[in-house]
Amino acid sequence: MNPIKCSAIIAVLLTAAAAGCISANAQAQLFSPEAKQKAQALLKEMTLEEKIGQLNESSGLVMPGLATEKPDDLIAKGGVGSILWQMNVQEINRLQHIAVEKSRLHIPIIFGFDVIHGYRTVFPVPLAMASSWDPSVEEQAQHIASQDARAAGLQLMFTPMVDIARDARWGRIVEGAGEDPYLGAAMARAQVKGFQGEHLNSDGTVVCVKHFAGYGASEGGRDYDSVYVPEELLENVYLVPFHAAEQAGAGSFMSAYMDLNEIPASGNHWLLTDVLRKDWGFQGFVLSDAFAVGSLVTHHYAKDGEDAAYKGLSAGVNMDMASLTYAHNLAQAVKDGKIAEPYIDQMVLPILETKYDLGLFEHPYADESKVEAALSRPEGLELERRLAGRSMVLLKNDNHALPLQKSLRKVAVIGPLADSKRDVEGGWTVEGLFGPGGKSHPITVLAGIKNKLGPDAQVTLVDGPRPSKVYPGMLDTITGEKPTPPPTPEEIADWIAKVKTAANDADMVVAVMGELASMNGEAASRASLDLPGIQEQMLEAVVATGKPVVLVLEGGRPLDIRWASEHVPAILEAWYPGTKGGDAVADVLFGDVNPGGKLPVSWPRTAGSEPLYYNHTRTHEPEDAPGFTSRYWDISSKPLYPFGYGLSYSTFKFANLQVSKPSMHVADTTEVKVNVTNTSSVAGDAVAQIYIHQRYGSASRPVRQLKGFERIALQPGETKTLTFPLGKEELKYWNPQTKQWVVEPSEFDVWAGEDSTASLHADLIVTQ
Ligand code: BGC
């Protein structure tokens with residue numbers, strides 16, 4: 001390294017360190033002193049076997065591949081610390097009675113499950129909630145989810161998923177907040193607060209932040225596949241939301257399945273101990289993903305079960321989810337001298353402390369008589385409808401095609417998602433997940449439009465064939481849904497004829513299209529991003545009739561909608577909007593709610609554009625330069641719709657961008673101010689977004705990075721001045737040369753506006 005440059009970096013590091021820039025061990029006390037004391041005292045009473053029991057999370061569901069027998073005997077022996085995949089409250093209480101009454105030390109079980117976006121009241125999927133650009137949406141939704149889950153006997157929430165996803169082929173993009181670390185961090189913090197409150201307590205639940213880490217960067221977007229992410233990208237991008245969740249007090253983390261730079265994440269000491277515990281100071285416990293400790297053998301990382309138990313535990317995984325590898329092998333590993341008992345103690349303590357702080361020792365059982373009332377609270381549904389409306393993104397609205405008139409009398413609603421109750425809530429619905437029998441009564445878009453227009457309107461449905469999948473995904477396997485065979489040419493012709501007749505007979509067509517819920521989520525990656533099935537043909541048939549048409553998209557990832565973006569005047573991305581989703585869509589379509597959501601992902605033109613993200617570093621041949629450029633010859637490399645983008649029925653103007661200290665010291669903070677005016681005659685929400693770019697330094701920095709945002713409501717003609725700080729938190733980055741966080745003297749671009757292409761610009765000079 002150039003010695004001059006090196007000393008400059010060190011100087012900056014020292015300055016930055018003096019200013020407190022380098023984060024270390026900053027998590028506030030996670031557990032109360034009482035919980036710590038009680039856990040220590042209890043630990044002294046425990047045998048090695050009982051300690052290992054606390055490190056075991058057993059399946060509560062008897063199913064081939066999960067568990068072949070009920071965990072009753074193991075619980076009675078003190079061999080089960082936690083149970084997952086059991087949502088029947090009577091069964092939960094039955095198992096808890098065994099733990100509390102029959103096991104020697106009466107230690108209650110902590111029950112875990114994926115309460116991802118609501119319990120009975122299903123909120124929009126996480127990608128949708130992130131599209132609100134309003135962290136309070138996540139906080140409010142997850143607070144209700146937490147209360148519902150706790151009332152129903154669950155205390156350990158396998159959420160939030162804070163994996164950065166830069167590739168829409170990856171099916172699990174739906175479960176997170178998209179591609180951006182800053183937005184992702186804000187959503188992560190909000191969810192921790194929503195579930196846990198300010199501290200772990202007896203009314204709340206404990207989160208399990210997942211999947212630690214880098215899972216979203218799987219090669220080719222294929223779920224579970226290997227991940228190669230260099231340390232600088234982990235630090236600057238992938239770990240950011242995890243760190244934010246940890247700083248917000250997250251009580252547990254879930255280690256990911258896949259190989260991370262050739263070391264499985266669930267056996268990765270650097271990740272789980274050096275970063276999470278030593279650098280960040282995490283005090284809670286790490287739970288493996290399902291079977292991931294056992295899978296260390298499948299990865300060809302561990303020799304056998306005992307080696308897997310040793311490698312998982314010594315890397316930093318406290319609790320083994322479902323594989324029973326700890327239960328079967330840890331005692332032997334201790335006897336063989338591979339693991340010292342004091343290390344086991346250290347791994348058990350946070351689990352006991354969590355149980356104490358959650359009040360499980362005092363109140364181990366769910367009150368079965370109160371569950372139904374808790375889950376049916378009407379305020380949850382009202383909130384759901386409101387938050388769904390806040391989460392939708394208006395992608396296109398030529399010539400004010402939207403909002404629609406409520407005086408419409410003949411509407412044709414077209415598409416396989418238009419009236420599909422099982423899809424409108426998306427995947428990971430607690431009550432719907434393990435077979436039918438969900439009690440949430442979802443409102444489809446068809447029902448929402450009917451509710452809005454009343455009985456005098458004629459609302460007809462042509463749903464068309466349900467798109468089929470070549471290979472079933474996880475959700476089909478669980479629900480037993482059989483893929484429908486693709487329609488024959490005759491059937492297609494018949495559906496198209498029906499579409500045309502319905503469109504010709506209507507004043508307005510609403511097409512509701514996208515992906516079935518089971519087409520995304522876990523084990524649901526795709527090589528193509530097309531509208532599956534014959535949906536696009538149906539859409540083309542509608543457009544050909546010349547009738548006015550709007551497209552409502554339901555789904556969990558951006559799709560290839562190039563044709564629609566050219567031929568359909570209005571497109572609304574509703575994602576999976578949840579239980580009251582159809583009403584919320586109708587609210588937006590008919591103007592009772594003015595859409596204000598923005599994209600948390602760059603919208604690709606086609607699957608071949610992936611991975612696609614706005615915060616990439618700059619090439620020496622940028623796409624806009626003349627001559628040889630970094631682009632495909634057959635398609636623009638730019639997104640169809642940029643990150644941060646979304647329309648409104650209002651229009652806004654951003655002006656007067658000012659940086660309070662245009663030149664400042666590396667340790668200083670400046671304020672960025674911008675005026676936002678509603679220039680329309682309709683009240684609406686704007687999302688002010690601040691982006692920066694460091695022009696030079698000891699590493700190439702991304703062309704733009706989001707470093708501030710705020711969603712605000714503005715009356716017609718109203719102007720608000722917004723202020724955002726730019727200081728060491730916003731300007732720092734993890735330097736690949738020095739392997740440290742630095743703020744460097746440099747020149748910075750600052751932009752403010754409505755999306756990541758904002759052009760309103762100011763300069764900032766940072767000096768040493
Ligand atoms: C998923 C996790 C989930 C766990 C328990 C795994 O297959 O990767 O996200 O929390 O199952 O259901």
Side-chain angles (χ1 to χ4, degrees), residues 56-63 65-67 82-87 110-119 125-127 142 145 149 154-165 170-177 188 191 195 205-218 221-225 227 241-242 245 250-260 264-266 285-296 298-299 317 319-324 426-435 472-479 518 520-525 556:
N56 171 39
E57 179 170 73
S58 275
S59 171
L61 194 77
V62 180
M63 235 169 98
L66 300 181
S82 178
I83 293 270
L84 84 158
W85 296 321
Q86 182 48 255
M87 288 85 66
I110 182 166
F111 288 87
F113 193 64
D114 298 86
V115 184
I116 308 294
H117 53 123
Y119 194 96
V125 288
L127 192 65
Q142 302 301 32
L154 302 174
Q155 307 89 22
L156 172 57
M157 309 286 98
F158 302 152
T159 197
M161 186 192 99
V162 304
D163 293 307
I164 296 289
W170 187 52
R172 303 196 78 169
I173 188 173
V174 62
E175 296 176 51
Q191 295 194 70
F195 279 108
T205 52
V206 60
V207 295
C208 189
V209 185
K210 68 189 190 183
H211 305 83
F212 197 55
Y215 183 36
S218 62
R222 290 177 299 274
D223 206 5
Y224 313 129
D225 217 331
V227 167
F242 285 99
S252 76
F253 267 53
M254 187 186 293
S255 64
Y257 277 132
M258 74 304 145
D259 276 339
L260 174 63
S266 292
F285 67 92
V286 174
L287 171 66
S288 76
D289 202 338
F291 309 102
V293 174
S295 299
L296 295 178
T298 324
H299 278 271
V317 175
M319 194 185 268
D320 166 15
M321 184 195 286
S323 83
L324 295 171
W428 279 134
T429 57
V430 181
E431 291 189 308
L433 194 61
F434 287 86
M474 190 189 81
L475 205 53
D476 318 78
T477 317
I478 290 174
T479 60
S518 65
N520 40 78
E522 187 172 348
S525 294

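Atoms within a ligand are numbered from 1 in the order they appear, just like the ligands themselves. Atom set for the values below is all heavy atoms of this structure, side chains included, hydrogens, waters and symmetry mates excluded.
The atoms of ligand 1 that sit less than 4.0 Å from any heavy atom of Arg172 are 1 (C), 2 (C), 8 (O), 9 (O). Interface atoms of ligand 1 facing Lys210, defined by a heavy-atom separation under 4.0 Å, are 2 (C), 3 (C), 9 (O), 10 (O).
When His211, Met254, Glu57, Met161 are checked for heavy-atom proximity to atom 9 (O) of ligand 1, His211 turns out nearest.
Relative orientation of the Phe242 and Phe253 rings is tilted, given thresholds of 30° and 60° on the angle between their planes.
Scanning the protein heavy atoms around atom 3 (C) of ligand 1, the nearest turns out to be Asp114 OD2, 3.1 Å. Nearest protein heavy-atom neighbour of atom 6 (C) of ligand 1: Asp289 OD1, 2.9 Å. For atom 1 (C) of ligand 1, the closest non-hydrogen atom on the protein side is Glu522 OE1, 3.1 Å.
At a 4.0 Å heavy-atom cut-off, ligand 1 touches Trp428 through the side chain alone. By the criterion of a heavy-atom distance under 4.0 Å, the side chain of Tyr257, and not its backbone, is placed next to ligand 1. Proximity of Met474 to ligand 1, defined as any heavy-atom pair under 4.0 Å, is not found for any part of the residue.
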**Message:** Using the rule given for side-chain contact (heavy atoms from CB on, under 4.5 Å), can you reason through Trp428 versus Thr159, listing the C-alpha separation, both sets of side-chain angles and the distance that settles it, and then say yes or no?
**Reply:** CA-CA 11 Å; Trp428 279 134; Thr159 197; over 6 Å; no

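With sequence neighbours excluded, no residue satisfies salt bridge (charged side-chain N to carboxylate O under 4.0 Å, His left out) with Asp223. Annotation: salt bridge (charged side-chain N to carboxylate O under 4.0 Å, His left out) contacts of Glu175 (sequence neighbours excluded): Arg172.
Looking at every heavy atom in both residues, Pro160 comes nearest to Ala188 through CG-O, 4.5 Å. For the residue pair Asp476 and Ser518, the shortest heavy atom distance occurs at OD2-OG, 3.4 Å.
Phe291 does not count as a contact of ligand 1, since none of its heavy atoms falls under 4.0 Å from the ligand.
Each of Asp289, Val317, Val207 was checked for a side chain to side chain contact (heavy atoms under 4.5 Å, CB included) with Met254, and the lone residue meeting it is Asp289.
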